[in-house]
Protein chains: 2
Amino acid sequence: MADQGTAIRARRLQATEGDLPDSVASDGTRGRILEAALHLFAETSYAGASIREIATAAGVQSASLYAHFPSKERILAEIAVIGHEEHHRRLRHALLESRPDPAEQLTALVRAHVRMHCELSMLAVVSNNELHSLSSAVAEPVMATRDSSTQLFNEVIQRGVDLGVFAPAHVWMAVAAIGGMGIRVANWYTPGFELTIDEVADTYADFALGIVRSEVH
Amino acid sequence: MADQGTAIRARRLQATEGDLPDSVASDGTRGRILEAALHLFAETSYAGASIREIATAAGVQSASLYAHFPSKERILAEIAVIGHEEHHRRLRHALLESRPDPAEQLTALVRAHVRMHCELSMLAVVSNNELHSLSSAVAEPVMATRDSSTQLFNEVIQRGVDLGVFAPAHVWMAVAAIGGMGIRVANWYTPGFELTIDEVADTYADFALGIVRSEVH
DNA sequence: GTCTATACTATGATAGAC
DNA sequence: GTCTATCATAGTATAGAC
């Protein structure tokens, strides 16, 4: 019988630690507003979190929010930008440090992808799952960043196919599958998990190689 | 250079057709309320959709909703129950029809899982992504159904390991990865996609086999 | 079961003093 | 930049006639 002991029953987010990247988290009231909004958007969704709740959690009055952001929507927009740019930065950095072997490059990408979704799971959940609450004009730059990240996966896998080392049934769907399984990690990972983040990342990199080699054997 | 032509840029949901399972969709005002709520919850989230909007979309006055549901929360609860039970029913049916070979069983499960997320993508998106808006008491039976479905994957993969035909780096994470990549299909699949639902399902079944065999070769 | 009317509260955002 | 006070609107839900 399968082990139930590791079962994690996350409805949306398991981790409660880790909010914004260190580079952003710091600066004063504005930073506290972003952190407060991030937590509340994760817990109760964008529409479910009120301006007053965000202000209270940030330790200011609701009117003071408008000295830092012109609207509630712009708070979410900033969070989504931070999340997607941090993600993209990590992917590019991983590729830069990797040798040109497609398998090593894919491993590096997946590891960075999964690490992001473990280390900044709250940011990842909000960035990924609340985008539909932004008007399309405001969401556009975020989507562009996401397209760039998808393209990194696409290029690595396509190159592996061209070199004859990968043979997924469908390149675009392999990207969707690898990206999707990693995104979902943010929903269940918690620092209390039985494996370290590095071990989780390695395991998923292994899974990704299994996906792109699915027709090779 | 990788093909951009197949790029799909879903923020939350690509498909607009397909709402509730045929078995539920039919009956009168109550059915229309559920359908209307499903659409609105998918578009603007649970908290973002108002009772008045749901009523208007269902063709009744807002007060009339309360003749069918005691609260807005119970509308979402019913949708989530329908979604998760339909999902579980399909998985069990797939297993019942499969021969006892673990690879065939896993293929059957993944195909059913993916088909569900293509054919009822709106229901799947709401059932999966709005659960955190339910109080934990109301969400509990839904979570129990989800646990049962996870357990089906778990048992098939664990049995494959015991029989020596599967060797994923980690059984629980293989289940999470296979489940997660399938769940994400609901976010991008649309009837206009270049492949049929069966082809998508087959491809993902292939990916899943790649995941559980990741250490074998 | 559906309607009109409404109670009561919460919402996003602004005005203006300090 | 932060506060108190407030506007105008929208929110869930209920009362009671038909």
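So you know, we letter chains A, B, ... as the sequences are listed, proteins then strands, and number each from 1.
Aromatic rings from A/H84 and A/H88 are positioned such that their centres are separated by 6.0 Å or more.
Per the geometry, NZ belonging to A/K72 stands 15 Å off P belonging to D/dA10, to the nearest Å. Look at CG on B/L76: it is 13 Å from P on D/dT12, rounded to the nearest Å. Rounded to whole Å, atom C1' of D/dT12 lies 13 Å from atom CD of B/E73.
Ring-plane geometry between A/W172 and B/W188 is classed as perpendicular, the angle between the planes exceeding 60 degrees on a 0 to 90 degree scale with a lower cut at 30. Using a 30° and 60° split on the angle between ring planes, A/H113 and A/F153 fall in the perpendicular class, above 60°.
Near-neighbour residues of DNA chain C inside residues 53-71 of chain A, defined by a heavy atom below 4.0 Å, number-ordered: A/A63, A/Y66, A/S71. Of the residues in residues 41-52 of chain A, A/A49, A/S50, A/I51, A/R52 come within less than 4.0 Å of DNA chain C through at least one heavy atom, sorted by number.
Here A/Q61 pairs with nothing under the side-chain hydrogen bond (donor to acceptor under 3.5 Å, both in side chains) rule; sequence neighbours left out. Take A/D202 and apply the salt bridge (charged side-chain N to carboxylate O under 4.0 Å, His left out) test, not counting sequence neighbours, and it matches A/R111. Annotation: side-chain hydrogen bond (donor to acceptor under 3.5 Å, both in side chains) contacts of A/T150 (sequence neighbours excluded): none.
At a threshold of 4.0 Å, the pair B/E140-A/R11 does not count as salt-bridged, since none of the basic side-chain nitrogens sits closer than that to a carboxylate oxygen.
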Let me have the donor-acceptor pairs involving side chains of residues 71-81 of chain A, under 3.5 Å, with sequence neighbours excluded, atom names and distances please.
from	atom 1	to	atom 2	distance (Å)
A/S71	OG	A/R74	N	3.3
A/K72	NZ	A/Y46	O	2.9
A/K72	NZ	A/A49	O	2.8
A/E73	OE2	A/S135	N	2.7
A/E73	OE2	A/S135	OG	3.0
A/E78	OE1	A/R30	NH2	2.7
A/E78	OE2	A/R30	NH2	2.7

